[in-house]
Colleague: 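This is the structure, below, for whatever I ask next.
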Amino acid sequence: MNDFAEYPVPFRILGMGHYLPSRVVSNRELEERMGLRRGWIEKKTGVVERRWVEPGETASDMAANAAAEALREAGIGIEDVSLILNASGTFQRVIPDSAALFQRKLGSRATGIPCMSVHTTCLSFLTAIEVASALLARQSYRNILVLTAEIASYGLDFTSPESASLFGDAAVAAVFSRPRADETGQVHAYRMETYGEGADLTTINLGTERYPYAPGSDPSHALFSMDGKKIYRFAQKRSKGFFDRMFTDFASELENIDLVIPHQSTMLGIMSLKRMGFDMNRVVIILPDYGNCVAASIPLTLYHAIRSGRLHRGDRFLMLGTGAGLSLAAALLTY
């Protein structure tokens with residue numbers, strides 16, 4: 001929560017880029033693999049197809065491709081970046097931090113640029129905006145490159161069809177800076193709440209709690225586990241209060257929202273926005289084409305909104321979603 005934060009904060013998205021693996025995985029392929037009847041996946045999740053990496057393709061490869069597009073649009077070189085911020089829910093290695101691996105892939109001109117990560121699973125891009133906007137406001141950095149590169153396909157449990165069929169791989173990059181006097185761009189509001197009692201509903205158990213060589217260790221500890229029904233009920237229970245508090249704190253700023261950019265969790269989750277009073281004509285939905293891309297989901301949706309012409313400079317948009325924890329977050333910006 002941000003009870004003492006001062007908004008709005010000057011904040012401009014200079015450029016965005018994305019990368020999608022070339023391999024398209026259809027529902028039919030997965031339904032045959034998991035012995036499901038035709039049409040089961042789309043009915044359960046809303047996903048029609050998703051992208052998965054080929055063997056040997058790394059998160060660093062994906063991040064570098066997305067970064068190249070973002071830097072071109074921003075009109076700057078990597079040497080003009082003063083901070084590289086990793087905002088991914090998955091990681092290429094346990095150590096070192098993925099941001100350092102991303103920097104190495106960006107080439108020698110990136111050497112020396114400080115690197116760090118923010119990690120709030122599917123909400124990591126929103127957290128990165130909160131962190132970056134504060135750092136830019138105090139002029140600690142000039143241009144911040146945020147990289148979100150997700151490879152969810154390696155950790156799927158194919159004995160759990162609903163979660164195994166839901167996720168896709170993707171990478172998104174964004175360059176953040178302070179706007180000039182003649183430019184638009186602000187963060188009007190940000191709120192996040194976490195309810196740790198929901199931590200076991202979405203988890204990968206591998207870690208110091210259950211490490212590979214521990215007595216009784218099982219390879220399944222490295223696989224993603226999700227109780228979709230309980231997560232949905234838990235999130236719905238908490239969402240109303242969360243948005244009531246968000247709307248109370250930032251009522252004037254939340255008026256006249258041009259576009260809503262939600263986390264592409266499941267179609268059921270996205271459509272629940274209608275019950276909360278959101279105009280579904282203003283909600284951007286890309287879930288059928290890409291699946292749930294973890295932390296890349298929200299920025300990939302934002303990227304599509306910009307590239308498709310649905311979001312223009314000066315427009316006000318709301319990004320929101322849930323993440324493992326269980327956490328809820330929303331951010332209101334002017335593009």
Colleague: Got a second to check how far Ser26's OG is from Glu32's CD, nearest 0.5 Å?
Modeller: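 One gets 7.5 Å once the value is rounded to the nearest 0.5 Å.
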Colleague: Let me check something: any side-chain donor-acceptor pairs from residues 274-281 under 3.5 Å, sequence neighbours excluded? List them with distances.
Modeller:
| unit_1 | atom_1 | unit_2 | atom_2 | d |
| --- | --- | --- | --- | --- |
| Arg275 | NH2 | Tyr232 | OH | 2.4 |
| Asp279 | OD1 | Asn281 | N | 3.0 |

Colleague: With Asn27, which of Glu49, Arg50, Arg38 fulfils side chain to side chain contact (heavy atoms under 4.5 Å, CB included)?
Modeller: Arg50
Colleague: Going by heavy atoms in the side chains, are Leu71 and Ile78 under 4.5 Å from each other?
Modeller: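 Answer yes - side chains close enough.
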Colleague: Measuring from Asn292:CG to Ile286:CD1, what's the distance to the nearest 0.5 Å?
Modeller: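 If I round to the nearest 0.5 Å, the distance is 10.0 Å.
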Colleague: Rounded to the nearest 0.5 Å, how far apart are CZ of Phe102 and CG of Asp97?
Modeller: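 The CG atom of Asp97 is 8.5 Å from CZ of Phe102, to the nearest 0.5 Å.
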Colleague: For residues Leu268 and Ile270, determine if any side-chain heavy atom of one lies less than 4.5 Å from a side-chain heavy atom of the other.
Modeller: no
Colleague: Indicate yes or no for a side-chain donor-acceptor contact from Glu57 to the backbone of Glu54 under 3.5 Å, with no hydrogens or angles considered.
Modeller: yes
Colleague: In the structure I gave you, are the side-chain heavy atoms of Asp289 and Val48 within less than 4.5 Å of one another anywhere?
Modeller: no
Colleague: Using a 4.5 Å cut-off on heavy atoms from C-beta on, say whether the side chain of Pro96 contacts that of Leu101.
Modeller: yes
Colleague: Between Gln103 (side chain) and Ala110 (backbone), is there a donor-acceptor pair under 3.5 Å?
Modeller: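 A pair under 3.5 Å: yes.
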Colleague: So which heavy atom on Cys115 is nearest to which on Ala100, and how close?
Modeller: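 That would be CB-N, 4.1 Å.
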Colleague: Can Ile41 and Leu30 be said to form a side chain to side chain contact (heavy atoms under 4.5 Å, CB included), step by step?
Modeller: CA-CA 8 Å; Ile41 292 175; Leu30 292 183; 3.7 Å; yes
Colleague: For the atom pair CZ (Arg28) and CG (Leu36), what is the distance rounded to the nearest 0.5 Å?
Modeller: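 Arg28 atom CZ to Leu36 atom CG measures 14.0 Å (nearest 0.5 Å).
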Colleague: Would you give the length of the straight line joining atom CG of Leu333 to atom CD1 of Ile13, rounded to the nearest 0.5 angstrom?
Modeller: 6.0 Å
Colleague: Would you say the side chain of Arg51 lies within less than 4.5 Å of the side chain of Val25, judging by non-hydrogen atoms?
Modeller: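 No, side chains not in contact.
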Colleague: Is there a side chain to side chain contact (heavy atoms under 4.5 Å, CB included) between Thr266 and Val47 once you walk through the steps?
Modeller: CA-CA 8 Å; Thr266 64; Val47 181; over 6 Å; no
Colleague: What distance separates Asn86 CG from Ser98 OG, expressed to the nearest 0.5 Å?
Modeller: 5.0 Å
Colleague: Less than 4.5 Å apart, side chain to side chain, heavy atoms only: is that true for Thr58 and Val53?
Modeller: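 The answer is no; the side chains never approach within 4.5 Å.
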Colleague: Going by side chain to side chain donor-acceptor pair (under 3.5 Å), Thr334 matches just one of His188, Arg12, Arg313. Which one?
Modeller: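 Answer after filtering His188, Arg12, Arg313: His188.
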Colleague: Could you check whether any side-chain N or O of Thr184 sits under 3.5 Å from a backbone N or O of Tyr335, counting only pairs where one atom can act as donor and the other as acceptor?
Modeller: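 Yes, Thr184 side chain to Tyr335 backbone: donor-acceptor pair under 3.5 Å.
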Colleague: Give me the atom names and distance for the closest heavy-atom approach of Phe242 to Ala330.
Modeller: CZ-N, 3.8 Å
Colleague: Can we say Glu193 and Arg191 salt-bridge, meaning some charged N sits less than 4.0 Å from an Asp/Glu carboxylate O?
Modeller: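 Yes.
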Colleague: Is it possible for you to say whether Val81 and Ile129 belong to one hydrophobic cluster, with membership spreading through side-chain heavy-atom contacts below 4.5 Å?
Modeller: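 No, no single cluster joins them.
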Colleague: Examine Val172 and Val146 and state if one hydrophobic cluster contains both, with Ile, Leu, Val, Met, Phe, Trp and Tyr joined whenever side-chain heavy atoms are less than 4.5 Å apart.
Modeller: yes
Colleague: Go through the side-chain N and O atoms of Ser82 and Asn143 and say whether any donor and acceptor fall under 3.5 Å apart.
Modeller: no
Colleague: Are Val118 and Ile113 co-members of a hydrophobic cluster defined by side-chain heavy atoms under 4.5 Å apart?
Modeller: no
Colleague: Testing the basics here: between Arg142 and Asp80, what is the closest heavy-atom pair and its distance to 0.1 Å?
Modeller: NH2-O, 3.2 Å
Colleague: Check whether Trp52 reaches the backbone of Phe167 with its side chain - one donor and one acceptor, N or O, closer than 3.5 Å.
Modeller: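 Checking the backbone N and O of Phe167 against the side chain of Trp52, a donor-acceptor pair under 3.5 Å is found.
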Colleague: Check whether Thr45 reaches the backbone of Glu42 with its side chain - one donor and one acceptor, N or O, closer than 3.5 Å.
Modeller: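 Between the backbone of Glu42 and the side chain of Thr45 there is no qualifying donor-acceptor contact (under 3.5 Å).
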Colleague: Evaluate the side chain to side chain contact (heavy atoms under 4.5 Å, CB included) criterion for residues Lys105 and Asp61: first the C-alpha distance (whole Å), next the side-chain angles of each, then the deciding distance (0.1 Å), finally the verdict.
Modeller: CA-CA 7 Å; Lys105 183 64 69 169; Asp61 297 327; 3.0 Å; yes
Colleague: For the residue pair Phe317 and Leu332, what are the closest heavy atoms and their distance?
Modeller: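 Closest pair (atom of Phe317, atom of Leu332, distance): O-CD1, 3.3 Å.
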Colleague: More than 12 non-hydrogen atoms from neighbouring residues, nucleotides or ligands closer than 6.0 Å to CZ on Phe91, yes or no?
Modeller: no
Colleague: Determine whether Ile76 and Tyr141 fall in the same hydrophobic cluster, where Ile, Leu, Val, Met, Phe, Trp and Tyr are linked whenever their side-chain heavy atoms lie under 4.5 Å apart.
Modeller: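 No, because Ile76 and Tyr141 fall into different hydrophobic clusters, even though each may have its own neighbours under 4.5 Å.
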Colleague: Check whether Phe11 forms a cation-pi arrangement with Arg178 (NZ or CZ under 6.0 Å from the six-membered ring centre, at most 45° off the ring normal).
Modeller: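 No, cation not above the ring by the 6.0 Å, 45° rule.
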Colleague: Quick one: does Thr148's side chain get under 4.5 Å of Glu150's, heavy atoms only?
Modeller: yes
Colleague: Going by heavy atoms in the side chains, are Asp315 and Arg310 under 4.5 Å from each other?
Modeller: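 No. Closest side-chain heavy atoms not under 4.5 Å.
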Colleague: Examine distances only and state if a side-chain atom of Glu31 and a backbone atom of Gly39 form a donor-acceptor pair shorter than 3.5 Å.
Modeller: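 Present.
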Colleague: Search all heavy atoms of Gly168 against all heavy atoms of Ala152 and return the closest pair with its distance.
Modeller: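 Shortest heavy-atom separation between Gly168 and Ala152 comes out as O-CB, 4.0 Å.
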Colleague: Where do Ile151 and Val294 land on the side chain to side chain contact (heavy atoms under 4.5 Å, CB included) test, with the steps shown first?
Modeller: CA-CA 9 Å; Ile151 299 180; Val294 200; over 6 Å; no
Colleague: Give a yes or no on whether the backbone of His119 and the side-chain of Ser117 come within a donor-acceptor separation of less than 3.5 Å.
Modeller: no
Colleague: If two hydrophobic side chains count as joined below 4.5 Å and joins carry through other members, does Leu126 share a cluster with Ile261?
Modeller: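 Yes.
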Colleague: Using a 3.5 Å cut-off and no angle test, enumerate the donor-acceptor pairs between side-chain atoms of residues 299-307 and protein atoms at least two apart in sequence or in another chain.
Modeller:
| unit_1 | atom_1 | unit_2 | atom_2 | d |
| --- | --- | --- | --- | --- |
| Thr301 | OG1 | Gln264 | NE2 | 3.3 |
| Thr301 | OG1 | Ser297 | O | 2.8 |
| Tyr303 | OH | His18 | ND1 | 3.0 |
| Tyr303 | OH | Glu69 | OE1 | 3.4 |
| Tyr303 | OH | Glu69 | OE2 | 2.5 |
| Tyr303 | OH | Arg307 | NE | 3.4 |
| His304 | NE2 | Tyr290 | OH | 3.3 |
| Arg307 | NH1 | Glu73 | OE2 | 3.1 |
| Arg307 | NH2 | Met16 | O | 2.8 |
| Arg307 | NH2 | Glu69 | OE2 | 3.3 |
| Arg307 | NH2 | Glu73 | OE1 | 3.4 |

Colleague: Do Asp258 and Arg282 sit within salt-bridge range, that is, some charged N less than 4.0 Å from a carboxylate O?
Modeller: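 Arg282 and Asp258: not salt-bridged.
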Colleague: So, Arg23 and Glu29, do they make that salt bridge, N to O below 4.0 Å?
Modeller: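 Looking at Arg23 and Glu29, the cut-off is met.
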Colleague: Ignoring hydrogens and geometry beyond distance, is a side-chain donor-acceptor pair present between Thr120 and Ser327 at under 3.5 Å?
Modeller: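 Per modelled atom types, Thr120 and Ser327 side chains form no pair under 3.5 Å.
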Colleague: Do Asp169 and Ser153 have side-chain atoms, one donor and one acceptor, less than 3.5 Å apart?
Modeller: yes
Colleague: Taking all atoms of both residues into account, what is the closest heavy-atom pair of Val9 and Ala137, and its distance?
Modeller: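 Of all heavy-atom pairs spanning Val9 and Ala137, the closest is CG1-CB, 3.9 Å.
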